[in-house]
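Down below is the structure, laid out as structure tokens.
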Amino acid sequence: MIRGKVYGEKIIYIIWGVLFFFLFYSFSWVDILATTEHGMNLWTCLFEGNLSGFYLYNDKHGEVQSAMWQLSNLSSCYDFPIYIIFAIWNFPLWVIRESASVNVFQSLPCLMWMKSILFVFIIGTILALRKIGVILGFTKKAEKLLVVFFLTSAYFVSVIIITGQYDIIAIFFMVCGIYYYLKKEKKKFLLFFAIAVSFKMFAFFLFFALVLYDEKNILKIMYKTILVFLPIVFTRIFIPYGEISNDILIPAVLMSNRVSLSVVSVPIFFLLLGGVYLVCYFKVQEKNTIILAKNVIYIGFLVYAILFAGCSTYPYWIIYMLPYVALMISLQRQEYLRINILLEMGMSVSYVVAQIFKYPACYGNMLVGNMLIPYILGKQNTEYPLRTVEDYIWIFTDVSDLLNVDLLMSIATGIFIVCLICFAVINFPTFNLEKYGLIEPVISEKDLIILRTVAGYMLCLVPIGIYLAAVY
């Protein structure tokens, strides 16, 4: 009977693995295509002796001509270090383009190679998370659950599988930084977070909280803060930014939602994050490594929960919260597991549903037309290339005029916020579930994991369905 159970689990993992790879190579969003183009252009600038003009070169020559995307003058808006990663990975594509005059954006193997860069950092992130699990004393079951929860979350499906975003690169360096923070290796902690911050500024929010939790000397806090920005400062001096950057975009996002207090309206994000920073600074750091690790993970979750609950962000940034959610579910006691799975499923699926209506182009047919599915199910009629969920909202309004986009987004966002708050309360390091008389759901743990996985992966049907509607 045990052998049959193990065999059944293997069959489930094989089916999931096949589905995962099929769906992974079924979508490509424009961001990864554009950044791949910029990575290849870095080699062109390097061999032309014009590395300092890298950003200006992309402003004039950045171009993607694929089956679904016809884009030119693609400005590069990230700091230089991220382009080094993309240049190294896509060097073979640059060679193919330069030597054989191949349009790599219309070649399925080349497109698959572009997106495969994510695998390197997915694997790296999982290995780093498992190392943190060792510090926490995870059992083999907890380690397995950690990997499963990370790879099957609706957050992961939306950000990695569907939109193919590369924020996972910064997350890898952040998780490594947290590991060295827990190991008390402060130089490595600084190094990995400095790299992460140079990829995306969101990493700084957690870095600063951890510094405040560890260091109480104001001058040393300032010194470490300066150090973490050195890679950005150094590269901007020698490789000047172009006309467009994230320096305006990210502050605008952080200040998007405000609340009126006293004589002025205050951004919700800064108000709540300031409270977290004050608690981190005044709280004495735990000596016990396991308790310290639990507190650090909760701080990470709280920082990014505030970001995504308090700001109107793009759909692919939510991945910054996932490592802490997966760790928190896995480290809780068995009796907490099922209610945590339900809450995570509720907040992740509802968040993605809200974003499908908020940013419909990120989940439209354009993601599908470049990749695997057209070779299997047929190519779309290009007379009407762009289709999104907005084109099919009549399905809801035919049922009731009240079911408009704003109402659907409000319902989904409300579910997300409620589940997020409940998850934050229940997983607070000193929270006692039994004290409040909460009971676990009747459904089994295994069935819940399967339900959660199916719910997350069914989100892939949105862009696929929209694409097929344009084909047939």
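Fair warning: this is a prediction, and the values are worked out from it, not measured in the lab. Numbers for residues simply follow the sequence, beginning at 1.
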- So which pairs with a foot in residues 270-290 pass ring-ring contact (aromatic ring centres under 6.0 Å, His included), sequence neighbours left out? F208-Y277
- Task: Indicate yes or no: at least one non-hydrogen side-chain atom of M345 is less than 4.5 angstrom from one of L451.
- Result: yes
- Sorted by chain and residue number, the ring-ring contact (aromatic ring centres under 6.0 Å, His included) partners of F27 (sequence neighbours excluded) come out as none
- Note on the structure: d(S28 OG, M371 CE) to nearest 0.5 Å is 5.0 Å
- Using ring pair (Phe, Tyr, Trp, His ring centres under 6.0 Å) as the criterion, point out the one residue from F308, Y359, W29 that pairs with Y314. Y359
- Are any of the side-chain heavy atoms of L136 and I132 separated by less than 4.5 Å? yes
- Modelled atom types, side-chain donor and acceptor of T44 and W94, under 3.5 Å: yes
- Item | Nearest atoms (heavy-atom pairs only) where I162 meets P463 | CG2-CG, 4.3 Å
- Item | Heavy atoms of other groups near F234 CZ, more than 12 under 6.0 Å | no
- Query: Checking side-chain contact (heavy atoms from CB on, under 4.5 Å) for the pair N340/V325: CA distance, chi angles, key distance, verdict?
  - Reply: CA-CA 9 Å; N340 267 328; V325 171; over 6 Å; no
- Atom pair CG/CZ of L212 and F207 - distance to nearest 0.5 Å: 9.5 Å
- Item | Contact summary for R452 and V148, nearest pair of heavy atoms | NH1-O, 4.2 Å
- Message: Checking S158 now: which residues fulfil side-chain hydrogen bond (donor to acceptor under 3.5 Å, both in side chains) with it, not counting sequence neighbours?
- Response: Y363
- Note on the structure: Applying ring-ring contact (aromatic ring centres under 6.0 Å, His included) to Y25 and not counting sequence neighbours gives none
- Query: Atom CZ in F80, atom OG1 in T235: separation rounded to 0.5 Å?
  - Reply: 8.0 Å
- Item | Those residues that, when tested against K216, pass salt bridge (charged side-chain N to carboxylate O under 4.0 Å, His left out) (two or more places apart) | none
- Hey, could you give me each pair passing side-chain hydrogen bond (donor to acceptor under 3.5 Å, both in side chains) that has a residue in residues 264-273? Not counting sequence neighbours. R258-S265
- Item | Side chain proximity check, F54 to N58, heavy atoms < 4.5 angstrom | yes
- Just how far is it from atom SG of C45 to atom OH of Y57, taken to the nearest 0.5 Å? 6.0 Å
- Partners passing salt bridge (charged side-chain N to carboxylate O under 4.0 Å, His left out) against E286 (at least two apart in sequence or in another chain): none
- On the 0 to 90° scale, with breaks at 30° and 60°, tag the F20-F24 ring pair as parallel, tilted or perpendicular. parallel
Show me the donor-acceptor pairs within less than 3.5 Å that the side chains of residues 81-88 make with the rest of the protein, sequence neighbours left out.
unit_1 : atom_1 : unit_2 : atom_2 : d
Y83    : OH     : C77    : N      : 3.2
Y83    : OH     : Y78    : N      : 3.2

- Message: So, taking the atom named CE in M40 and the one named CD in E37, what distance separates them when rounded to the nearest 0.5 Å?
- Response: 5.0 Å
- Of the options W43, W113, F47, which is the one that meets F91 in a ring pair (Phe, Tyr, Trp, His ring centres under 6.0 Å)? W43
- Message: To check you understand the geometry: which heavy-atom pair defines the closest contact between V104 and L93, and what is its length?
- Response: CG1-O, 3.8 Å
- Got a sec, which residues hit ring-ring contact (aromatic ring centres under 6.0 Å, His included) with F199, two or more places apart in sequence or on another chain? F173
- Item | Any pair counted as side-chain hydrogen bond (donor to acceptor under 3.5 Å, both in side chains), so long as it reaches residues 119-140, sequence neighbours left out | R130-E143
- Query: Are the aromatic ring centres of F21 and F119 under 6.0 angstrom apart?
  - Reply: yes
- Item | Within 6.0 angstrom of Y223 OH, more than 12 heavy atoms from elsewhere | no
- Message: What I want to check is whether the side chains of W317 and Y304 have a donor and an acceptor closer together than 3.5 Å.
- Response: no
- Message: I need the L337 CG to L331 CG distance, nearest 0.5 Å.
- Response: 11.0 Å
- Item | Any donor-acceptor N/O pair, T413 side chain to S410 backbone, under 3.5 Å | no
Going by atom type alone, with no hydrogens or angles, which donor-acceptor pairs under 3.5 Å involve a side-chain atom of residues 289-303 and a protein atom two or more places apart or on another chain?
unit_1 : atom_1 : unit_2 : atom_2 : d
N295   : ND2    : Y213   : OH     : 3.2
Y298   : OH     : A424   : O      : 2.6

- Please lay out, stage by stage, how I329 and E344 fare under the test side-chain contact (heavy atoms from CB on, under 4.5 Å). CA-CA 9 Å; I329 297 176; E344 194 281 339; 3.8 Å; yes
- Item | Y320-D167 side chain donor-acceptor pair, cut-off 3.5 Å | yes
- Item | Closest heavy-atom pair and its distance - Y166, D31 | OH-O, 3.5 Å
- In a check of side chain to side chain contact (heavy atoms under 4.5 Å, CB included) between L129 and each of I171, L327, V147, L322, which one passes? L327
- Partners meeting salt bridge (charged side-chain N to carboxylate O under 4.0 Å, His left out) with K224 (sequence neighbours left out): D214, E215
- Query: Would you find a donor on one side and an acceptor on the other, under 3.5 Å apart, between the side chain of S350 and the backbone of F416?
  - Reply: yes
- For the residue pair C460 and I161, what are the closest heavy atoms and their distance? SG-CG2, 4.2 Å
- Mind checking whether L210 and F193 have side chains closer than 4.5 Å, heavy atoms only? yes
- Looking only at heavy atoms, what is the nearest atom pair of S312 and N257, with distance? N-ND2, 3.6 Å
- Quick one: are Y316 and Q355 in side-chain contact, heavy atoms under 4.5 Å? no
- Query: Ring centres of Y181 and F189 under 6.0 Å apart?
  - Reply: yes
